[in-house]
Amino acid sequence: MMGGAPAVPRDIRSVQWPIITEEDRKAVLSVLDSGNLVSNAETETSVRELEQRWAAATGTAHAVAVSNGTAALHLALAALGVGPGDEVIVPALSFIASGLAPLHQMAVPVFADIDPVTFNLDPADVERRITDRTRAIIPVHLHGLPADMDALAGIADRHGLALVEDAAQAHGAVHRGRKVGSIGAIGATSLQTTKNLPTCGEGGLLTTDDPELAERLVLGRQFGEVIESGKARDYVSRQLGWNAKINPIQAAFATSQLDRFDGYERRRQQNIPPFLDRLRPLPGITVPTAPEHASHAWHILRFRLDPAALGLDGVAPSALRKALHRVLRAEGVPMSRYQLMPLPEQKVFTERTGFGSGHPWAAAEGTAAADEVAGSFPVASAVIEDSLTLQKRHLHPDSGPLLQHYADAFEKVWDHLDTVATMARSAR
Ligand SMILES: *Cc1c(COP(=O)(O)O)cnc(C)c1O
């Protein structure tokens, strides 16, 4: 920024994700050559293979592949019978899809604040927001770290609620020896290209141990029809259904990626903790950690920044964040922000356009959910103001050496905190 050489050399900065190998190409071509380009019971071999492999990988009895992670969350709520007039508790910090899924089923999302360290649902706040209309909780394993499933399962049991895990950022993460997606009634994840288990486009996966829920998910995915191998399709819709089938090419690509997933995951676990260890001693920055009872899938790293710890009294956290964002990017570290506001402040929730005529909120009139005001999520708001992230493809399994250059850049910036302080103080 001041004219010197950046800490991260320009020629090593580019990272490609997904990593596409000859095996992935062969998997895609074999579906093209098979001529089986739609999924149904006769021809969905690549879809069934992905489902069997994912059920085995997560330790669940059933996996159902669908068109994307958002559809997966929606189908999960539909299969559980969540509908109009019901409330679903969702974390105030997540990707928008976690909050939209209840709306897709005409239920009202009720947001709960997050924990300031894990960034996942705060169980105490979840409990405060339960009403007699609450039917389900969507714990999101945000950034790759499993939510507090012990506390949330306890709450769900006490109040008779279903847990739908949103594991779209946490493929392969483990909580007390169990894979995420295998703990709640249903687990939903995404295969979208940027995720830790990517396909060449869009895809999603559901997991459950309950055969009846699995059947409802399958019917929901395909017009409510039962399509059985060896039997002629009867075109009878047995329940409300959608068309949320996955493309067999994308299923084959994802299965090919799954062949290498464990190796990629091991490399993330080798690359990222040593990088975080180099940042941890720097004052004024809190780096993410995994507790002893859980593993972190390191999909996103979020760093909280504290002006007071740098002696910058009177400087707003957002001013420090903006200064560090500029300086670190100038050094070649691709710092970013993930989520610019708490979910409940997104227009879709504040303006309540929904399905028109005030629905689905009108069905919950007079309840806490209908009266909920934006701004009542102090932790999510503070975290968004005082943190920066490193995301997704920059945490690529081959990025070990690059991450060490990022750490050089952080150390260099922390050696020049006077410059950062001047910038932060002069920020409007
Ligand atoms: C990506 C994501 C989704 C949605 O997945 P899509 O496949 O993009 O629809 C849902 N929840 C979270 C937390 C995500 O990160």
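All ligand and atom numbering here is 1-based and tracks the order in the structure. Counting begins at 1 with the first residue of the sequence.
From the protein, the heavy atom lying nearest to atom 11 (N) of ligand 1 is Asp166 OD2, 2.7 Å.
Those atoms of ligand 1 that come under 4.0 Å of a heavy atom in Gly69, given as number and element, are 5 (O), 6 (P), 7 (O), 9 (O). Within the listing of ligand 1, atoms 1 (C), 2 (C), 3 (C), 14 (C), 15 (O) sit less than 4.0 angstrom from a heavy atom of Lys195. Residue-ligand proximity, Asn68 to ligand 1, at heavy-atom distances under 4.0 Å covers atoms 7 (O), 9 (O). Taking a cut-off of under 4.0 Å to the non-hydrogen atoms of Val140, the atoms of ligand 1 that pass are 13 (C).
The main-chain N or O of Ala65 is found under 3.5 Å from a side-chain atom of Glu51 such that the two form a donor-acceptor pair. A donor-acceptor distance shorter than 3.5 angstrom exists from the side chain of Asp166 to the backbone of Ala168, with no hydrogens or angles considered. The backbone N or O of His143 lies less than 3.5 Å from a partner atom in the side chain of Gln169, making a donor-acceptor pair.
In this structure, Arg302 is positioned above the aromatic face of Phe119, its NZ or CZ under 6.0 Å from the six-membered ring centre and within 45° of the axis.
Only side-chain heavy atoms of Ser94 come within less than 4.0 Å of ligand 1; its backbone N, CA, C and O stay farther off. Contacts between Thr70 and ligand 1, counted as non-hydrogen atom pairs separated by less than 4.0 Å, involve both the backbone and the side chain.
Outside the 6.0 Å centre-distance limit, the rings of Tyr338 and Phe95 are not counted as a close aromatic pair.
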For Ser67 and Glu202: C-alpha separation, side-chain torsions, deciding distance, then whether side-chain hydrogen bond (donor to acceptor under 3.5 Å, both in side chains) applies.
CA-CA 6 Å; Ser67 50; Glu202 309 278 341; over 6 Å; no

Would you sort out whether Asp209 and Thr60 count as a side-chain hydrogen bond (donor to acceptor under 3.5 Å, both in side chains), showing the intermediate values?
CA-CA 6 Å; Asp209 283 331; Thr60 50; 5.1 Å; no

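An N or O contact shorter than 3.5 Å is missing between Gln192 and ligand 1 by distance. An N or O contact shorter than 3.5 Å is missing between Phe95 and ligand 1 by distance.
Taking each of Ser190, Gly204, Ala101 in turn, the one with a heavy atom nearest to atom 7 (O) of ligand 1 proves to be Ser190.
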